[in-house]
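The figures here come from the full heavy-atom set of this structure, side chains too, leaving out hydrogens, waters and symmetry mates. Values in this document were obtained by computation on a predicted structure and should not be read as measured data. When a ligand or atom number is given, it counts from 1 through the structure's own listing order.
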Amino acid sequence: MLVHMKALLLSEYGRLEIVDLPMPRPAPDEVLVRVEACGICGSDVHGFDGTSGRRIPPIVMGHEAAGRVAAVGTAVQGLREGEPVTFDSTIYCGQCDYCRRGDINLCERREVLGVSTPEYRRNGAFAEYVTVPARVVHPLPANLPFPEAAMVEPLSVAVHAVSLAQVPQNATALVVGAGMIGMLVLQVLRDAGCQTIFVVDIDDSRLELAKRFGATHTLNPKTGDAAAEIQHLTGHKGVDIALEAVGSTPTVHLAVASVTKGGTVVLIGNIAPSVEIPLQAIVTRQIRLQGSAASAGEYPRAIELLSRGAVDVKPLISMIAPLSEGPKWFERLHARQANLMKVILTPGAQA
Ligand SMILES: [Zn+2]
Ligand SMILES: [Zn+2]
């Protein structure tokens with residue numbers, strides 16, 4: 001039986017190293033997963049340099065992962081060794097009022113995999129093995145490659161946000177920000193039947209990719225007034241729904257200025273802790289502002305969207321690299337190397 005495993009440890013801010021850690025053992029209600037793929041999230045990069053404050057070293061990060069069941073706890077039923085699985089990044093208790101009504105993302109005892117705060121520390125999936133409660137584990141279809149399955153986590157975030165938007169029939173929509181979540185939201189909106197989808201970003205190469213994913217109009221606010229253009233192209237009505245995947249004052253303003261009266265703005269991005277909002281426009285035009293946090297039960301749907309090909313994540317994966325190259329790829333992501341979207345590490349391929 002293995003005693004140690006390789007893990008990518010954030011030992012101090014700005015310092016990642018490959019170390020041997022004790023092999024985790026599953027508790028009675030837990031599953032031990034051999035990690036085959038784990039994506040580097042933007043939040044991990046902000047954790048790496050300490051700006052998020054939610055990756056207090058020492059911590060093994062990583063919450064966008066897929067792998068195979070290596071062992072199950074004594075009380076676990078319905079999962080067997082060798083089965084391909086992914087798992088929710090939200091570790092919810094399953095017992096509080098929020099959990100019981102299905103809002104597991106709002107759980108009172110919520111923990112996030114690969115996150116450490118003053119309240120808790122939970123090692124994540126940038127390691128050969130990770131343990132997670134069986135209740136957050138979702139089996140994968142055999143046809144889904146592990147690196148794509150590692151994208152189920154961010155995809156579930158997009159599916160959750162779109163479900164909160166309550167997409168009307170033949171809707172017109174706006175996606176602000178063509179980063180990872182924006183690109184996934186775009187594809188989910190297209191699958192939900194949106195006829196017209198505007199995508200706004202300041203990076204033309206991302207806008208090109210957004211067109212491939214089904215954006216009907218792309219706009220770069222660096223070269224024109226995006227809100228005015230959207231109003232013009234919708235006959236001065238505005239879009240039915242806007243999904244904001246950045247989280248800054250100008251982008252929130254753009255979303256509000258682009259929706260129709262009575263429309264909905266779903267707020268997903270939050271790079272700034274607080275933004276200024278155009279209060280009168282929101283009140284007098286009766287706009288609904290809807291926050292969206294992580295996901296709550298959208299994993300099966302995200303897996304289904306991927307396996308049926310309704311959402312294509314392959315063009316979003318820039319690099320698949322062994323765990324040993326993790327420190328290098330974190331440096332490159334931190335330096336904002338151009339044209340780098342998702343980098344996926346493959347810890348299970350090490351041994
Ligand atoms: Zn993430
Ligand atoms: Zn709970």
Seminar exercise, completed: Exactly one candidate in V265, V266, L189, V259 meets side-chain contact (heavy atoms from CB on, under 4.5 Å) with I241; the answer is L189
For this session: Run the salt-bridge test on K342 and E64 with the 4.0 Å N-O cut-off and return the result as yes or no.
Result: yes
Exercise. Would E111 and R122 pass as an ion pair if we require N to O under 4.0 Å?
Worked result: yes
For this session: Compute the angle centred on the Zn ion (ligand 2) spanning SG of C99 and SG of C107, and express it rounded to 10 degrees.
Result: 100°
Problem set entry | Under-2.8 Å neighbours of the Zn ion (ligand 1), protein N/O/S atoms only | 3
Problem set entry | ring-ring contact (aromatic ring centres under 6.0 Å, His included) pairs, two or more places apart, involving residues 42-64 | F48-F330, F48-H334
Exercise. Does a side-chain N-to-carboxylate-O contact under 4.0 Å join R308 and D191?
Worked result: yes
For this session: Identify whether the distance between the nearest side-chain nitrogen and carboxylate oxygen of R301 and E304 falls below 4.0 Å.
Result: yes
Seminar exercise, completed: In this structure, the Zn ion (ligand 2) sits at the vertex of an angle between SG of C93 and SG of C96 that rounds to 10° as 110°
Exercise. Can E208 and R206 be counted as an ion pair, charged N to O under 4.0 angstrom?
Worked result: no
